[in-house]
Number of protein chains: 2
Amino acid sequence: MSSYPDPTSSAAAGSVLAPDPFQQAAGEAGSPALCAAVRDRLREGGLRWTPQRRALIEVLAETDGHVTTAELVERCRERDPATIPSTVYRTLDMLEDLGVVRHCHRPDGREEYHVLPEHEHGHLYCRACGGCWELERDESDRIVGMLERGQGFAVDLSHVTIVGRCRACRETG
Amino acid sequence: MSSYPDPTSSAAAGSVLAPDPFQQAAGEAGSPALCAAVRDRLREGGLRWTPQRRALIEVLAETDGHVTTAELVERCRERDPATIPSTVYRTLDMLEDLGVVRHCHRPDGREEYHVLPEHEHGHLYCRACGGCWELERDESDRIVGMLERGQGFAVDLSHVTIVGRCRACRETG
DNA sequence: TGCGTTATTGCAACTCATTGCAGATAGGCG
DNA sequence: CGCCTATCTGCAATGAGTTGCAATAACGCA
Ligand SMILES: [Mn+2]
Ligand SMILES: [Mn+2]
Ligand SMILES: [Zn+2]
Ligand SMILES: [Zn+2]
C-alpha cells in the first residue's frame, strides 16, 4: 500500500513470516542493535540513514506491545521538539515494508502499531471496556484456512480487527 | 459508541437481528415510507424530525450497497449546498442507533455505510484490486461461533473487515 | 576530502472526522 | 395559535493522516 521506494522488493512480503533478522538484532542488545540492523538494510537498498529515522527507531525499541501513531509522534517530539509528523508517518510506512512494525486498526479505524511482533496475529477489541487481545493461533488459523480454501483469499492476518463485547462485559452489563 | 441520545434505548442492539421495521417501510414505497418510519420512531423517543435529517434519508434511500461517508456528504450537498458535514455525521450516528444503516471500515480505516442491510454481514477487501465482497453466511457463522464458544466474545459482525488478496489477484501476479 | 546524485525532509495545503458551544427551531402543551 | 424548552444545527477549533513540491542532506564515488 505504501508508495515508499521498497529497498528489497521482496522484503515487504517476505519479512512477515520469514525468520526475522530484526527480531534477533533487537532481542538482547535492544535499540543500538536494531538501529544497526535497520541502517544496514536501508543502505543495501540505496536508502538513507537519517537522524529522524534513528530517533523513531529508538522510540520504537523502548515500546512494548501496541502504540498509536499519535503516541509515537508525541514520544519523538519529546526527544526532539522539531519532529515533523509527516516524517514519522512516512518512516513508519517504510519500517512496515521492512517488517519492523505492523499496524492494525482500532475499532474507530485509527491506526495502532505493534513493534516486532513475534508472530503475525489479529486482534479482538471490546467496545465496552476498551480491552484488546491477540487472536489465538488456532483461532486465526481457522479463519485464514477457511477463507483460503473457500474463496482463494489470502488474509492479511495482522490487519484483522474483530470488534465486539468481551465475556466480562457481557456478564456484568 | 455514539453519545447520541438514544430514542428507545433497546433499539440500538435490538434492531440488528430483530425483524426490521424500516426494512418493510422502505421495501416498496421507498423514500417517503422510510422517512415516515424514521420520523415516527424519532418522535416516539422525543427526538426531532428536521429538514437536514429528511435530506439525508432521501439520499440514503437512493443508495444501493456501500457508500463512503464523504460521498453521502457530497450527495446531500448536491441537494442543498448549505449542508454541514458535522450534521451529516451526527445524523448517521443516530440512524445507526436506529438500525437504518451499518458502518464498516475499509482497509484504510475510513468508514463506509451500508443502507438497510438485509442481514448483518462482514466484509472481505482485496488490497490489490480494491474489490469488496460480503462474507458468506456460513463463513461468518463459523467465525462468530468460534469466538463465542472459545472466548465468550460477542462479535459485531457488521464491523468485521478482513483484508488481503483475492484469488484473481493472487493468480495474476 | 569534496562533489553530485537522488532520497528524504520540512512545510503547507488538504481531506476526513470529532467535539463544544451558542443560537435556532421542532413540536408538546396550554 | 403561540410559548417554552430541550433537541438540533451551524460554526469554528482541533486532531489524525496524506500528498506534492522545493530545499536539504546522505553517502557513493572520484
Ligand atoms: Mn467503526
Ligand atoms: Mn491499514
Ligand atoms: Zn470488555
Ligand atoms: Zn483483488
Side-chain angles (χ1 to χ4, degrees), chain A residues 1-8 35 38-57 67-77 80-98 103-113, chain B residues 1-8 35 38-57 67-77 80-98 103-113:
Chain A
M1 275 294 96
S2 121
S3 60
Y4 226 83
D6 192 345
T8 64
C35 285
V38 171
R39 185 197 59 212
D40 293 347
R41 184 86 98 84
L42 290 178
R43 289 190 177 150
E44 279 170 32
L47 304 185
R48 290 166 191 181
W49 180 239
T50 65
Q52 294 85 349
R53 290 176 173 184
R54 174 188 204 111
L56 175 57
I57 289 166
V67 140
T68 64
T69 324
E71 265 164 36
L72 289 172
V73 170
E74 193 41 49
R75 291 192 205 167
C76 286
R77 211 189 284 281
D80 177 2
T83 299
I84 300 296
S86 63
T87 298
V88 175
Y89 287 111
R90 286 191 273 224
T91 305
L92 284 166
D93 279 352
M94 179 219 78
L95 292 175
E96 189 152 23
D97 284 340
L98 256 50
H103 83 268
C104 61
H105 294 266
R106 289 145 41 109
D108 62 2
R110 294 199 188 138
E111 291 190 339
E112 191 161 73
Y113 278 90
Chain B
M1 273 295 96
S2 123
S3 60
Y4 225 84
D6 195 343
T8 65
C35 283
V38 171
R39 184 199 58 213
D40 293 348
R41 185 84 98 81
L42 289 177
R43 290 193 178 146
E44 280 170 32
L47 305 185
R48 289 167 191 180
W49 180 240
T50 67
Q52 295 84 350
R53 289 176 174 185
R54 174 186 204 111
L56 176 57
I57 288 166
V67 205
T68 64
T69 323
E71 265 163 36
L72 288 172
V73 171
E74 193 42 47
R75 291 190 204 169
C76 286
R77 212 189 283 281
D80 178 2
T83 300
I84 300 297
S86 64
T87 299
V88 175
Y89 287 111
R90 286 190 274 222
T91 305
L92 284 166
D93 279 353
M94 179 221 78
L95 292 175
E96 189 152 23
D97 284 341
L98 256 49
H103 83 268
C104 62
H105 294 266
R106 289 146 38 111
D108 62 3
R110 295 200 187 139
E111 291 189 340
E112 192 161 72
Y113 277 89

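Proteins get letters first, then strands, A, B, ... in listed order; numbering begins at 1 in each. Keep in mind that the numbers below use all heavy atoms, side chains included, and drop hydrogens, waters and symmetry copies.
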Any donor-acceptor N/O pair under 3.5 Å between D:dG17 base and A:Arg90 side chain: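 No.
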
Expressed in angstrom and rounded to an integer, what is the separation of [X] atom [atom1] from [N] atom [atom2]?
| X | N | atom1 | atom2 | value |
| --- | --- | --- | --- | --- |
| B:Asp108 | D:dA16 | CG | P | 17 Å |
| A:Leu42 | C:dA7 | CG | C1' | 11 Å |
| A:Asp80 | C:dT9 | CG | P | 12 Å |
| A:Leu72 | D:dG17 | CG | P | 10 Å |
| A:His103 | D:dA16 | NE2 | P | 17 Å |
| A:Leu56 | C:dT8 | CG | P | 14 Å |
| A:Ile84 | D:dA16 | CD1 | P | 16 Å |
| A:Arg54 | C:dT8 | CZ | C1' | 17 Å |

Stepwise side chain to side chain contact (heavy atoms under 4.5 Å, CB included) test for A:Arg53 and A:Thr87: CA-CA 9 Å; A:Arg53 290 176 173 184; A:Thr87 298; over 6 Å; no

Starting at [atom1] of [X], measure out to [atom2] of [Y] and round the result to the nearest 0.5 Å.
| X | Y | atom1 | atom2 | answer |
| --- | --- | --- | --- | --- |
| B:Asp97 | B:Leu92 | CG | CG | 11.0 Å |
| B:Leu95 | B:Leu56 | CG | CG | 6.0 Å |
| A:Leu72 | A:Thr83 | CG | OG1 | 11.5 Å |
| A:Thr69 | A:Arg110 | OG1 | CZ | 10.0 Å |
| A:Cys76 | A:Ile84 | SG | CD1 | 11.5 Å |
| A:Glu96 | A:Met94 | CD | CE | 11.0 Å |

Produce the list of close N/O pairs, under 3.5 Å, pairing protein atoms with atoms of nucleotides 14-17 of chain C; give distances to one decimal.
| from | atom 1 | to | atom 2 | distance (Å) |
| --- | --- | --- | --- | --- |
| C:dA17 | OP1 | B:Glu111 | N | 3.4 |
| C:dA17 | OP2 | B:Tyr89 | OH | 2.8 |

Under 4.0 Å protein heavy-atom contact, by nucleotide of nucleotides 25-30 of chain D - B base, S sugar-phosphate only: BBS---

Polar side chain donor-acceptor pair, B:His105 to B:Glu111, under 3.5 angstrom: no

Residue pair A:His103 / A:Glu112, side-chain donor-acceptor N/O under 3.5 Å: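 Result is no, nothing qualifies.
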
5' precedence on DNA chain C between A:Thr83 and B:Ser86 (nearest-nucleotide basis): A:Thr83

